[in-house]
Protein chains: 2
Amino acid sequence: MNARYKIGEFAKLVGLSTYTLRYYENEGLVVSQRDDNGVRFYTDEDIKWLGFLLHLKGTGMKLNDLKDYVKWRAQGDQTIPQRRALLRRVQKESEAEIREREANLAVLRRKIAWYDGKLDQSISHDESFEDYLKRFE
Amino acid sequence: MNARYKIGEFAKLVGLSTYTLRYYENEGLVVSQRDDNGVRFYTDEDIKWLGFLLHLKGTGMKLNDLKDYVKWRAQGDQTIPQRRALLRRVQKESEAEIREREANLAVLRRKIAWYDGKLDQSISHDESFEDYLKRFE
DNA sequence: ACTTGACTTAGAGCATACTCTAAGCGCTAT
DNA sequence: ATAGCGCTTAGAGTATGCTCTAAGTCAAGT
């Protein structure tokens, strides 16, 4: 246990590039420790944090919001109300986006079904199925 | 009927800016007709098309894919198979994104619930509700 | 010794989709 | 006649989030 990962290995573990990890560190989203030579290292704790951060990001949460979250997290438990309020807002926004997308998808699905019907007709009325298949040879 | 809308009015009707409409026209996503003075006008047909285009866009479909779609549409019914294939691809991608987002949202919801529990505890164990409320004054 | 991978700062480049400005001109309604 | 809207081209700017390069240094492993 107590594994130490250098940035290259860590990058593979979390599925980001080393560029992105340094970028995130600059932005204050991730912290790293340094060994005697000033080389970054990460721990299993950091893997967990990155995993959670990527989940938040995957809900559509912006880096700026993540920065607030990280800032509050560092300030301890008294900022839990702010953090919860932030996550709730992100939740609402994300749910709204999903609903919108579903509505748009419904339209797209109907259009595909309409194309299906069109192509069915072109099979059953205009030509035999054999002839139809020939068109794609 | 046979209403003609100039770009300003049309923009309001479809919820886009005049800049964006001209941009879309440049990109080949929308066409407009011109009056005797070279001024763009749009019809109810164009409102329908814009509506559909925005639904497609709302599924996450990229402008480049929309350009292909529009190009094929202009070529007539023989491109229906291509259009259907494109929309199916977009559908799959969009559904996959929604599933991902839902999974990430599930994590976010659990975190919020965890904060809820933390705050419940901090009310019921560490201080009175009165004291708790005072913290936010 | 040499390769590999780490470090730094600063800045450019990329992708997507707009968004707006400049500069100059034309039509229409008040 | 003046405001308001429309037209043009060309290009700059904005937002988000990376992605990569340059140029030079350093340390560990083979």
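Order of the sequence lines sets the chain letters (A, B, ...), proteins ahead of strands, with each chain counted from 1. Quick note: numbers below take in every heavy atom, side chains included, and nothing from hydrogens, waters or symmetry partners. Computed from a prediction, not measured in an experiment: that's the story for all the values here.
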Over how many whole Å does the gap from A:Glu27 atom CD to D:dC18 atom C1' extend? 10 Å
Between P on D:dG17 and CG on A:Leu66, what's the gap in Å once rounded to a whole number? 8 Å
A:Leu21 CG to D:dT19 P, straight-line distance once rounded to whole Å: 11 Å
Is the shortest side-chain heavy-atom distance between A:Ile7 and A:Arg22 below 4.5 Å? yes
Whole angstroms only, please: what is the CD-P distance between A:Glu25 and D:dT19? 17 Å
Letter per nucleotide, 5' to 3', of nucleotides 16-30 of chain C [B base touched, S only sugar-phosphate touched, - untouched; heavy atoms, 4.0 Å]: SBBSBB-----SS--
A:Asp36 has an atom CG; how far is it from atom C1' of D:dA28, in whole Å? 13 Å
Does a side-chain N or O from A:Arg40 land closer than 4.0 Å to OP1 or OP2 of C:dC7, or not? yes
Residues at least two apart in sequence or cross-chain that pass side chain to side chain donor-acceptor pair (under 3.5 Å) with B:Glu97, listed by chain then number, are A:Arg101
Atom-pair distance (CD1 on A:Ile7; P on D:dC26), nearest Å: 20 Å
Taking atom P of D:dG4 as reference, at what distance in whole Å does atom CD of B:Glu9 sit? 18 Å
More than 12 heavy atoms from other groups under 6.0 Å of CD on A:Gln75: yes
Does A:Arg22 put a side-chain nitrogen or oxygen below 4.0 Å from OP1 or OP2 of D:dC18? no
Spacing between A:Tyr42 atom OH and C:dA6 atom C1', to the nearest angstrom: 11 Å
Return whichever of B:Gly8 or B:Asn26 has its heavy-atom-nearest nucleotide of DNA chain D closer to the 5' end. B:Gly8
Check for me whether A:Lys111 meets the cation-pi criterion with A:Tyr115, that is, NZ or CZ under 6.0 Å from the six-membered ring centre and within 45 degrees of the ring axis. yes
To the nearest 0.5 Å, atom CZ of B:Arg4 lies from atom CG of B:Asp35 at 7.0 Å
Axial cation check for B:Trp114 ring with A:Arg84, 6.0 Å and 45° limits: no
Between B:Leu50 and B:Phe10, is there a side-chain heavy-atom distance shorter than 4.5 Å? yes
